[in-house]
Structure formats: C-alpha cells, structure tokens
Amino acid sequence: MQESVMQAWWASSHFAGGNTAYVEEMYEAYLEDPQSVADEWKQIFDGLPKVDGVELDTNHSQIRDQFRTLAAMGPAAKVVSAPAAASGSDEKQVRVLQLINAYRFRGHQHANLDPLSLWKQPRVRDLELSHHSLSESDFDTVFNVGSYAIGKESMTLGELYKSLNRTYCGSIGAEYMHITDTEQKRWLQQKIESVQAKPEITREQKVSILKGLVAADGMEKYLGAKFPGAKRFSLEGGDSLIPMLKGLITEAGAAGTKEVVIGMAHRGRLNVLVNVLGKNPSVLFDEFSGKHDDSLGAGDVKYHAGFSSDFATPGGNVHLALAFNPSHLEIVNPVVMGSVRARLERRDSMDGAAVLPVTIHGDSAIAGQGVVQETFNMSQTRGFAVGGTVRIVVNNQVGFTTSKTEDTRSTQYCTDIAKMVQAPIFHVNSDDPEAVLFVTKLALEYRNKFKRDVMIDLVCYRRHGHNEADEPNATQPLMYQKIKKHPVPRQIYADQLAAEGTLKEHEASKLIDEYRAALDHGACVVEEWRPMTEHSVDWRPYLGHDWTVPYEHAIAKDKLVELAHRLVDIPEDVKLQSRVNKLYQDRKSMANGEKMLDWGMAENLAYATIVDAGTDIRITGQDSGRGTFFHRHAVLHNQKDASTYMPLKNIREGQGAIDIYDSVLSEEAVMAFEYGYATAEPGCLTIWEAQFGDFANGAQVVFDQFLSSGEAKWGRLCGLTVLLPHGYEGQGPEHSSARLERFLQSCADHNWQVCIPSTPAQVFNMLRRQSIRPMRKPLIVMSPKSLLRHPLAVSSLDELSDGVFHNVIGEQDDLNAKKVKRVVLCSGKVYYDLLEQRRKNEQTDVALVRLEQLYPFPAEECEKVLAPYKHVKDWVWCQEEPQNQGAWYSSQHHFWQVIPDGAKLRYAGRDASASPAVGYVSVHNQQQKALVDDALTIK
Ligand code: AMP
C-alpha cells in the first residue's frame, strides 16, 4: 500500500484498540467477496499484500504486519476511538491482538495432546511473547482483547496470556482458522473461548464419564482374562471413546436426532458393541467360545459384526445402527453416508436433523486411504450430502506396526485431509475425558448448526499393540516401555475425581465391582439400551423368497401408451437442444405407436411405470442424467436458462420420487454409498451406473467385500442395480469390457444376478422385475453401448407390456428347428453380429440362442428353449471377450448342463489375452469378423 494512502486511512480510521475486531471482520468479508465492503475499505484492502486464499495463516500474519506498520506510523493522537481501557501504547495493543490471533491459529501446536507425552512438538515462536515484542513486564498492563470471546472487553496481559494458554494449549488443540466463513469461525471462537475450553460440568456428568471408562476398561480386562490371547483388537488406551460415544448419542437425542448410524473398523469395536449399543455380553462370549448363528450362512468374525438397538436420551429413544464392516478400514464411511441419506429421505429430513452419521477412523487409515478424500468431497454435494458427519479418529499413534509420521503420513496431523472441506478439527488428549466430552458436544453442535463435517482427533495409544497376540515391543520399544508404566484412563480419572472431592475412592471401586458383576451375569450392561422400535423400515416382506416368487409383472398397453405420452409431453417453455429435441420427437413417434421403441425410451418408460406405481427411484453415476452414450436424457437442460426439467418427475400427482444425480467423479465411494443406501432402503429402486463398465474396477472392494458377499456374511439384503456398459466395439482395452468374468466368478449361493439384456423390452422388464419382485438381491447388468442405437435392437409396446424378463431368448427367425445343425449360445451385442452375418450368409442351419441372465443360471428355461434342438450335436459358445475372460470359463459348467447328452461344446471367440481388448480398430474388426465366422461356419 502506498504510504500516503495508509496514512490517510489511519488518520481517519477506527482501526485501533477495540475496533480491531471490526476491521478484522471486514477484512475477512473482503477476502470472501471484495465487493461486500465499502469502497474506502476495499481500496485499503486492495493495497495489502496479495494472498492466494489458501494460506490464510500467512494472509493474516501479512495483514497483521501491515497493521503493525500502520499502527507504528499512526500517531496515537490521531486514533479516533481509543479504547478506554487501553493503557499500553497502541502499538502494543496491536501486538496483543496479534498474540490472540497467533494462539487461534497455532495454539494447537503447543497443546498437551499426547497422553504418553511422546510427541515432539515444534517450537512455535508465534506463541511466545517476545515474538510479538511483549514481555512479562507488560503483564499488568490492561489491553483491549478485540474479538477474543472471553466475555470482557479488556484484560491484563498476564490474565490474557494465561487464558490463551488454557484455552488453546490445554488438552484440546482446536484447528479452525482455516475456515473462511466468518460466521462459523466466530461461532467456534465464542464456544471455545467463552469457557476457556473447559466448561464446568456437574457431578452427575463426571460420574457418568467415569462409568463409561469403567465399562471400557472392565470389558477388555474381562475378555483378556476369560479368553487369554484371543484377538479382540482391544480399545485399551482409547477408553474415552466409550463415554464419548454415549455422550454424543445422548446429546444428539436431546437435539432431536432419531437415528445414529456408526461406521468403525475393528479396533475397539467389541467394546462399542457391548458398552454403547448394548449387545448382550453373553452373546459375545459365546462367539469367543466358537458358537455361531447358523442362519447367517458364511458369517464373519466377531469384530466385523454390526448391531442395532435403541438408546434412551432426554429427547426420546434414538435408534442406533453399527454398520457391518469388512477389514478394509475406511471403506465403511461412504456406506454409512449412503445408509444415512436413505434414512434422511425416508424421514423427510434433508437438512440432516433426524439422522446422524458417525464415522470412527484409525490415524493411519484416515491419512492413508483415498476413499476418505472421496467422502469429504461428496459431503456437500446435491446427491450425497447428509447434513455433515461427525468423524472421530481413534489416534493410537501406530498404524499396524508403523510409527507415526515417518512412515504413515507426510503431514503433522493425521487429520489434515479434513481441511479440504474446511472442517474444524479438534485434537484432544484422551486421558482428559472431560475435554473429550466438551469437544464431542461442540462437534455435534457445529454439525447440527452448519450441516457440515467435523473432525475429532482422539489422541490415545494402544495398550497391547496391534492385537492381543502381538509383541509391540518388537517394533515400538520406547512407546511400550512408557505404556507399561502409564495408568489406565479409568484410574487417572478416578484419581482426579477423588482429588477434587467429587467421588470417594471406594465409590469408584464399587462401580468397577458392579460392572464386573453385570458381565458375570451376562446381561446387557448399557443402562440406556431399549428394545428396537425406532428404526423406520420393515424388511420382512423381502425375506425368505426364492427366484420363483410370483409378482405382478404385466402392465396394460393402454397404461404404457399413457405413460409414454407423459414422458414426451415437454412444457413449451423448455427449449431443448436440437439433438435432444430430435430424440424426443422420435420418442413421440414411439409413444404414438408409429415407431418401434429404442433402448432409451424403453428404459425411461420402465422408470415411469415404477414411479407411477408409487415406488421411488434413485440413479447415480457420472453421466446418469444424460447417459454416457447420449441415450437416456432423463434430465433435460433448458437452452433458454439452463434450468432442468425431468419428465419422470411429472408423471402424476403423488407418484414415487425419482432422483437422478450425476455423481462426483469417483467409483469407490459412490458405489459404496449406493450400497449403503440400498441396504437401508428396500423400497427404492437404487441404481449405480458406471460411465464405462471397466471403471467399476475402481470400486472393486465394494463388489468383493459388500455387494457379492454382504448377505452371506451378515444377512444384509441389498437390491442395488449396477449398470456397466460392456461390449466390443473397437474402443480399446479400457472401454470394451466390464470384466464380466469377475462378476461371474463371484457367483454362488444365489448372491446376485448377472444379466445381459439385449433388447429394449428386456431392459424394461428387467428393471421392473428388480423393483417389483419382493426379493432384494444385487443386479449386475452388462448394459449396451452400440445397441442403444442398433436398428435391430428395438421392441414393440406389446413386447414391453407382457412384463416378462426372459432369462433365455430362443431363435427369433423363422428357422426349421429340424434342419438346424448347430446351436450357438451367446449373450449381449455379439448376438446381433451373428444374426446379421447369418442373414447375409442366408444360413438356416445355425440357431442363435441368447442367455440374457447368466446367473442364477436359468437351467429350466434353457431346457424349454433348447428342446427343439435335442438332435443337435454341434454346440458353440460364442463370445466377444478373450477366452480367459467373459463367460466361457466361469459359466461353461452351466452350458454343459443344458446341452444334449453326447453333444460337443466348442468355443468361438478371441484368443486368451492379458489385455481385455486390442487398441487398434482394424485388428478389432478382423478379430470380430473371425469369431463370428468361426461361430457360424459349419465345415
Ligand atoms: P437398522 O435400521 O440398520 O439398524 O436395521 C434394523 C433392523 O432391520 C435390523 O436389525 C435388521 O433386522 C433389519 N435390516 C436392516 N437392514 C437390513 C437389510 N439390508 N437386510 C435385511 N434386514 C435388514
């Protein structure tokens, strides 16, 4: 800034003493929107050092430097409104304000966070008086404290310094100055500074905290004694998690929350199951003894089990659901978010008030696993927001056997990822459970008020290494020497309560005895536990059916015509882009019966019938509104004003809801989210669509750990439909194959359906079947690309109206079965290549049979369809995929099952290949021609 401008500004400025906070606020407003401040201020701020908006810490210190210079230049005599209380020089006054700011920014770096005191904290000069040209000799001087929310305008420096240290460098390290929104920042300051991060708490609350610690410790000791050496991934060291979660649920209930969905990995999970969710300890002991629930098929280890219960709070009972979880740590987070989203929609509480997601992370995993970033990125988006998640890191400072920063991360804190959404982060020493409870309540209040994610870093340790069979001294000798001598959290807190006279020593011992007796008794140990009545959905209609369960599938043609017209009836003020307009004109002809239906029309019509029947639909994927291949156009973009119009939302009054969201650019988190959504909401047709089918491999963990095996492991049904564009059209290795073989290889126990519909009528009836049939099984669909516009891939309204998805489609041309010498079995797009070539060849001796569902394999239907070919000895399976891929190896045993005894089955397709497809179109074309010729040529 030019000196003259600054001097002029100073001369007329209110920037002095008590008005600094005002200037600061104005500057923050300017940073967000330069036009939001008066011109004279804008001119001044424009002159300050330019900042990039990210390094706010630097911004402020640069600004402070400028202000300091300014203060030095501005003679005290010219200060317009010097604070009455300011008795030091104005320059010092500015420095005091800088000191406050430094504590807000960096106090956490000097906080006492590590119960083991092993952290080597960097020296932060900004927190030293001398850095601000202040000293203890100024301690008696009274200064204005600006926006420091202590409830006083001024304090002596001595008082202030003590207060800042207490507030920002005690057991809590608050990181929030990266938040650009002034309202949030001020709110947090008010909450933290007004009580100096240590509010008074009642005796009752203290006893309740101690009870939580007694339970946490008692449970682990009990298990350790009863089942020595058995893996339980003990919580010990992070015991505060138990009073923390109970406090969180209690406060949430008091604030009106009706359900809390929790996601956590294995560490401490048994403790949470018994001491928070109220799982009966005797059931857990049985599990340790090797007994299991036969109804659960394959089952899972006890520290992956989920649980549901209700929990009494001052605001009424709250339903608790601990999500089932594989050992893949962070992947459960998007599952929890999806489950919460479904529950919020069901409760019509889109602001997040009724359902609270709580995710519990490990310190290494939260920094290490990319899916965490994906969930933060989703947290404020239209299709995936859940009103904020309370995220808790159980930071035991070791990742498996690796130590803190040198091996597990590149940041000081494991929580830095939260800054990408400007979430406040509260680091807290878990040996101070009152501080833990304070930040927990604060985090909840913040989440409920601002509907955003918030993070608590519970800094603790693990008493027994990675698990109880482990020898942690082998890898962390110094840490474990320290841990050995370190008293347990229950002891530390009981001693504290005894010292302050809150609780006598024998009263604490009594609590321990009572808890142990309760465990001996084997009954539920959670006082707040209540039988489940608060969960909001009934799964019973979907239980216990097999594939043959009857359902109302037909739909009257008149109704179809009516719905088709509703779909194409676009309001006049919606101006469509010319290609889209042409497509809708074609759809009009289809509705009028003048044209056969194409894929896009049939698919949209399926959705129309479903919402017309009052059922909800949710579709997400990277291009879901339009369709990757420009076929769906379920969301129309008005060319006049860029507004959107969805014909499917305008079918009739009171119809089912339909939401179609173009997703964030992720597969893993989005698929996991949709899995979570579909396992919490059986009443909605939930669809995830990959942009290209092979992108699904970015979500492989979700297919393997959840979708294919969730029912077998956990008894959790899921009706998620997954659309994976698949087909060999010369687009190269990445955009040809959805890796059908992987899905087929995972087929067993009727875990899911794998379908390859080849006509518009088939996709129509497949989607309707998935919605209407009263069973919930995942549906994996190899969906088409070129077939979306193939002239032969069309259907009539009559074909749609019979309502049947044909698992097998027999020969469609008028062939004399008796003259057939070969039957070619195939699936998907290659059928049309075969059909066209056969017609060109004018061949009548080869029949083409399409398997539209590869799993569960439709053996009975095959028997009927293949009956006319009992005499045929020459059978071929034709596929586009290389031999080691596609259905040949994984489904061959089924093909053998349905061909006549004594017949031969031969493969026609590409040679085995490491890559899914060749990269050169010319080679692709040669290969495609060769495989079709091979399938059809009878030598
Ligand atoms: P939740 O609301 O997730 O706690 O579930 C409450 C109860 O509903 C569970 O205890 C199960 O009995 C049942 N349930 C929830 N989700 C499913 C599912 N995906 N499949 C079958 N039953 C479920």
Side-chain angles (χ1 to χ4, degrees), residues 245 249 252-253 257-264 269 272-273 276-280 283 293 295-300 304-311 317-326 332-347 349 354-359 386 524 526 528-546 549 616 618 671-686 702 705-721 749-752 770 773-779:
L245 284 178
I249 296 161
T257 297
K258 298 289 172 219
E259 297 185 64
V260 177
V261 185
I262 306 171
M264 73 181 295
R269 194 176 172 100
V272 169
L273 277 166
V276 178
L277 284 108
K279 176 167 175 163
N280 204 313
V283 175
D293 178 357
S295 67
L296 269 191
D300 200 350
H304 291 166
F307 199 76
S308 305
S309 62
D310 286 1
F311 188 102
N317 288 357
V318 171
H319 178 68
L320 304 183
L322 175 65
F324 288 84
N325 186 61
V332 77
N333 305 323
V335 176
V336 165
M337 286 171 70
S339 171
V340 168
R341 175 81 180 212
R343 293 165 202 254
L344 286 170
E345 287 178 6
R346 195 155 60 225
R347 289 180 179 273
S349 175
V355 190
L356 172 71
V358 178
T359 53
V386 288
C524 172
V526 178
E528 300 87 346
W529 178 88
R530 297 290 178 275
M532 248 193 327
T533 54
E534 294 298 319
H535 67 290
S536 45
V537 69
D538 185 2
W539 280 85
R540 280 170 305 181
Y542 307 97
L543 300 176
H545 301 305
D546 73 6
V549 59
D616 298 344
R618 172 184 168 88
M671 243 302 278
F673 187 102
E674 300 310 335
Y675 171 81
Y677 190 101
T679 42
E681 182 47 89
C684 173
L685 175 66
T686 311
V702 190
Q705 263 66 21
F706 292 91
L707 203 61
S708 65
S709 56
E711 187 183 344
K713 292 191 291 190
W714 311 319
R716 282 299 186 265
L717 306 178
C718 176
L720 182 64
T721 297
D749 301 327
H750 285 198
N751 58 338
W752 58 17
Q770 181 71 352
R773 185 161 59 178
M775 62 193 306
R776 289 295 172 259
K777 295 270 184 187
L779 168 61

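Keep in mind that what you see is a predicted model, and the values were worked out from it rather than measured. Note that ligands are numbered from 1 as they come in the structure, with each ligand's atoms numbered from 1 the same way.
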Under 3.5 Å donor-acceptor, K713 side chain and Q705 backbone: yes

Test side chain to side chain contact (heavy atoms under 4.5 Å, CB included) applied to F311 and L277, V260, I249, N317, the passing residue: I249

Geometric cation-pi criterion, R341 with F673: 6.0 Å, 45°: no

With sequence neighbours excluded, residues passing side-chain hydrogen bond (donor to acceptor under 3.5 Å, both in side chains) with R343: E259, S339

Interatomic distance, T533 atom OG1 to D310 atom CG [nearest 0.5 angstrom]: 4.5 Å

Atom pair CG/CZ of L320 and R530 - distance to nearest 0.5 Å: 11.5 Å

Per-ligand residue contacts, ligand 1, heavy-atom threshold under 4.0 Å: S308, H319, A321, R343, M532, H535, W539, T679, G715, R716, L717

